[in-house]
Every structure is written in structure tokens, then in C-alpha cells.
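Quick note: numbers below take in every heavy atom, side chains included, and nothing from hydrogens, waters or symmetry partners.
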Amino acid sequence: MTWFKVDDGFWSHPKSATLTNDAVALWVRAGAYSCQHLTDGFIKTAVLRLLGERDAAGELVESGLWIEVPGGWRFHDWSQYQET
């Protein structure tokens, strides 16, 4: 079993402080999903419908928390903060 690590300063970080609740929920759900399914921070486009809304994914990209890549999205700096 793996754990998705969330820093206690996440709520007030400049990248996350202005996110909607939907975007924060997506970030947390996607992180837990990625740990459970061992995707190393990659979220496939097809999986997004299980986790949240496309608008929320756009917010995460705009804030710099996610990077849009072919086939989906990748958490920014996943391997720096999460187990791979």
C-alpha cells in the first residue's frame, strides 16, 4: 500500500490558495488514485471522469500543479514529493 503525501502548507501555497474546491478535490483524488494504481503522477484522460471535472483539471494546469501531456495530465514534480 502506498500513501499520497499532502504537505500541511498545501492549503495556503500560492499555487493552491485560489483554487476552487472542485480543483482541490480533484488534486487529492487524483493523487490517491495515482498512488493506488502506481501511475507515478500520470492521470489518463479517460480516468478524469472518475475523479473530477475537466474545468478543475484546467485550473490545476493553470496553477502549475499539473502539466497537460499527451493522453492526460501529470503532477508537477511528482517524484520529488511522492514515492515512485
Side-chain angles (χ1 to χ4, degrees):
M1 173 173 42
T2 61
W3 294 87
F4 178 56
K5 300 174 188 173
V6 179
D7 186 281
D8 60 1
F10 173 76
W11 71 274
S12 62
H13 190 280
K15 288 184 177 181
S16 61
T18 60
L19 294 175
T20 63
N21 287 336
D22 288 343
V24 172
L26 173 58
W27 187 83
V28 172
R29 288 181 186 137
Y33 174 91
S34 186
C35 285
Q36 181 182 24
H37 295 279
L38 306 176
T39 69
D40 288 337
F42 177 67
I43 304 300
K44 291 181 182 179
T45 303
V47 171
L48 181 65
R49 66 182 175 80
L50 299 172
L51 304 172
E53 300 294 327
R54 189 169 286 274
D55 288 348
E59 282 187 61
L60 295 174
V61 171
E62 285 181 35
S63 73
L65 290 170
W66 277 12
I67 301 164
E68 194 161 3
V69 296
W73 299 268
R74 183 166 299 285
F75 276 74
H76 180 260
D77 288 340
W78 179 269
S79 62
Q80 186 175 353
Y81 299 103
Q82 307 295 331
E83 294 180 35
T84 59

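Distance check, rounded to the nearest 0.5 Å: OH of Y33 to NZ of K44 gives 7.0 Å. Atom-to-atom distance recorded for C35:SG and F4:CZ is 6.5 Å, nearest 0.5 angstrom. To the nearest 0.5 angstrom, E59 atom CD is 3.5 Å from T20 atom OG1. Between the CG atom in L26 and the CD1 atom in I43 there is a gap of 8.0 Å [rounded to 0.5 Å]. The line from OG1 of T2 to NE2 of H37 is 10.0 Å long, rounded to the nearest 0.5 Å.
Ring geometry, W27 versus F10: the interplanar angle falls under 30°, so the pair is classed parallel (tilted spans 30 to 60°).
For CG of D7, the number of neighbouring non-hydrogen atoms (other residues, nucleotides, ligands) closer than 6.0 Å is greater than 12.
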Quick one: side chains of residues 74-84, donor-acceptor pairs under 3.5 Å with protein atoms, not counting sequence neighbours, listed by atom name and distance.
{"unit_1": "R74", "atom_1": "NH1", "unit_2": "D40", "atom_2": "O", "d": "3.3"}
{"unit_1": "Q82", "atom_1": "OE1", "unit_2": "K5", "atom_2": "N", "d": "2.9"}
{"unit_1": "Q82", "atom_1": "NE2", "unit_2": "K5", "atom_2": "O", "d": "2.8"}

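No continuous path of ILVMFWY side-chain contacts below 4.5 Å connects V24 to I67, so the two sit in separate hydrophobic clusters.
Counting heavy atoms from C-beta outward, F42 and V47 have side chains that stay 4.5 Å or more apart. Considering only heavy atoms from C-beta on, L19 comes within 4.5 Å of L65 through its side chain. Looking at T45 and R54, their side chains come closer than 4.5 Å, going by heavy atoms from C-beta outward.
Taking all atoms of both residues into account, the shortest heavy-atom contact from G41 to S34 is N-OG, 2.7 Å. When all heavy atoms of A30 and L51 are compared, the pair lying nearest together is CA-CD1, 3.8 Å.
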